[in-house]
Amino acid sequence: MSDLFTPYTLGSLTLSNRLVLAPLTRNRAAPGGVPSELAPVYYSQRASAGLLISEASQISQQGQGYQDTPGIYTQAQVEGWRKVTDAVHAKGGKIFLQLWHVGRVSHVLLQMDGAAPVGPSALRAATKVFVNNSFEDASEPRALELGELPGIVSDFRQAAANAIAAGFDGVEVHAANGYLLDQFIQDGANARTDAYGGSIENRARLLLEVTAAVISEIGADRTGVRISPVSPANGVSSSDAQTQFDYIVDQLNALGIVYLHVVEGATGGPRDVAPFDFDGLRRRFHNTYIANNGYDRDLATSRLAAGKADLIAFGKPFIGNPDLVERFRTGAPLSPFNPATLYGGGAAGYIDYPTMAEANAAAN
């Protein structure tokens, strides 16, 4: 049997297999950033994955960058997520919540009183955000003041506590894909000259402070971190990615986080977008390494067999195939997903993709 289907111990959890549902933004939250009534169905349909990582969820209103994304900073949001975790656990699944602050990747229409989005520096993101049911240019940001950064750290800490209160098995700190923590890390987005800019140590500081705060709140065995060292997502870039992320991974390893989730290459794009030694990160990190980006069954199997990863995260294949684990196990063909229903909408393209058993029953 392929390693892909063998159980795995993640901290205090026993996962039924090595497949991970990657976090996937679907823009279907109800008003107030509360997960919709469809969300428990969507996640429980995919509970056969060894681990589910929720869609990114903002830690504050300031942290929101797209319409209809869920949050984890109000009691109503906590109660909405509790329905999701209960549904997943009822099917024997395990689920982490991804904690998110988008930073400059936002729009004034999503900010309190039309305020400017925030970032490490007043550098506009060369990207678009989903607002008013369409994609619009990100708004001009303002640079966070030094005195505001402890509040950001506190928001992450409180969001982690809220996630545990909502029944999640742990959290993933989102430090990838050009969002706030990644903006501080990447020198193409960070022009600061204080303790949070300039050197690789300074640019890593906010991520490490956030991670330490989350650990102090919920424990290292329930804390993971996601990074994307060479992804140009949302207009970020680094002049020293290898040195920067070697340092970050060494520090995260010392903090004892339960897993490192790595986007290998360009998010949703080529794996070889830029030279980078991902195997070196794997060797530096002594706990669970989750590999992500462009994996299919064969690549996942070979990387696990070679010890290049412990778990493999799959994103879009899980959208059209809620029973992806069984399809991989049996070698069955995968169903395509509808790109038109990825972002926003209702049940269509969200909870109506059939399993193999449902499709066969319908055909007969």
Side-chain angles (χ1 to χ4, degrees), residues 8 10-11 20 22-23 51 53 96 98-100 120 153 156 160 170-190 196-216 219-233 236-267 271-295 303-304 306-313:
Y8 182 81
L10 178 72
V20 175
L51 176 67
I53 306 173
F96 274 43
Q98 191 184 62
L99 303 179
W100 197 26
V153 174
F156 271 99
V171 304
E172 176 176 285
V173 174
H174 195 352
N177 297 350
Y179 296 116
L180 182 66
L181 298 179
D182 200 27
Q183 291 159 25
F184 270 84
I185 292 167
Q186 308 268 6
D187 56 4
N190 183 346
Y196 292 84
S199 69
I200 61 170
E201 294 84 3
N202 284 357
R203 284 184 277 121
R205 190 180 307 278
L206 186 59
L207 166 60
L208 299 178
E209 289 179 348
V210 163
T211 305
V214 170
I215 288 171
S216 71
D221 66 337
R222 295 197 284 192
T223 303
V225 174
R226 192 186 206 202
I227 58 174
S228 55
V230 295
S231 179
V236 296
S237 61
S238 175
S239 63
D240 57 358
Q242 192 74 58
T243 305
Q244 180 71 64
F245 283 91
D246 283 353
Y247 171 78
I248 285 171
V249 170
D250 285 346
Q251 300 306 306
L252 293 175
N253 185 66
L255 286 171
I257 60 171
V258 74
Y259 74 68
L260 181 69
H261 183 184
V262 184
V263 180
E264 299 173 343
T267 306
R271 289 177 55 81
D272 59 352
V273 65
F276 193 87
D277 181 14
F278 289 104
D279 291 343
L281 293 189
R282 160 69 165 156
R283 291 190 295 271
R284 287 174 178 273
F285 189 70
H286 300 157
N287 285 342
T288 297
Y289 181 99
I290 303 179
N292 178 290
N293 203 42
Y295 276 83
R303 296 286 287 180
L304 289 174
K308 304 293 188 183
D310 299 300
L311 303 172
I312 308 292

*Just wondering, do Asn287 and Leu260 contact through their side chains at under 4.5 Å, heavy atoms?*
no
_Glu264 vs Tyr295 side-chain heavy atoms within contact, under 4.5 Å_ = yes
Closest approach of [X] and [Y], non-hydrogen atoms and distance?
X      : Y      : value
Glu172 : Phe96  : N-CD2, 4.3 Å
Ala175 : Val225 : CB-CG1, 4.3 Å
Val263 : Phe278 : O-CE2, 3.8 Å
Pro229 : Leu281 : CG-CD1, 4.1 Å
Ala204 : Tyr247 : CB-CE2, 3.8 Å
Ala189 : Val236 : CB-CG1, 4.2 Å

*Report the C-alpha separation of Leu304 and Ile312 in whole Å, then their side-chain angles, then the decisive distance to 0.1 Å, and conclude whether the side-chain contact (heavy atoms from CB on, under 4.5 Å) test is met.*
CA-CA 8 Å; Leu304 289 174; Ile312 308 292; 4.0 Å; yes
Rounded distance (nearest 0.5 Å) linking atom [atom1] of [X] with atom [atom2] of [Y]:
X      : Y      : atom1 : atom2 : value
Ile185 : Ile227 : CD1   : CD1   : 7.5 Å
Gln244 : Gln186 : CD    : CD    : 7.5 Å
Ile257 : Ile215 : CD1   : CD1   : 7.0 Å
Phe245 : Ser228 : CZ    : OG    : 6.0 Å
Thr288 : His261 : OG1   : NE2   : 12.5 Å
Asn292 : Arg226 : CG    : CZ    : 4.5 Å

Side-chain donor or acceptor of [X] paired with backbone N/O of [Y] under 3.5 Å:
X      : Y      : result
Gln183 : Gly178 : yes
Asn293 : Thr267 : no
Asn202 : Tyr196 : no
Ser216 : Ala213 : yes
Asn190 : Pro120 : no
Arg203 : Gly198 : yes
Arg282 : Gly307 : yes

*Between Asp277 and Arg283, does at least one N-O distance fall below 4.0 Å, as a salt bridge requires?*
yes
*Can Asp279 and Arg303 be counted as an ion pair, charged N to O under 4.0 angstrom?*
yes
_Looking only at the side chains, is there a donor atom on one of Ser239 and Asp187 sitting less than 3.5 Å from an acceptor on the other?_
yes
_Test item: side-chain donor near acceptor, Asp221 and Thr223, under 3.5 Å_ = no
*Given Arg284 and Tyr289, is the side-chain contact (heavy atoms from CB on, under 4.5 Å) satisfied, shown in steps?*
CA-CA 10 Å; Arg284 287 174 178 273; Tyr289 181 99; over 6 Å; no
*Identified side-chain contact (heavy atoms from CB on, under 4.5 Å) counterpart of Ile248 within the set Thr243, Thr211, Leu207*: Leu207
*Taking the six-membered ring for Trp and the single ring otherwise, decide whether the centroids of Phe285 and Tyr259 are under 6.0 Å apart.*
no
*Using the side-chain contact (heavy atoms from CB on, under 4.5 Å) rule, take Ile200 and Asp240 through it: C-alpha gap first, then chi angles, then the decisive distance, then the call.*
CA-CA 9 Å; Ile200 61 170; Asp240 57 358; 3.1 Å; yes
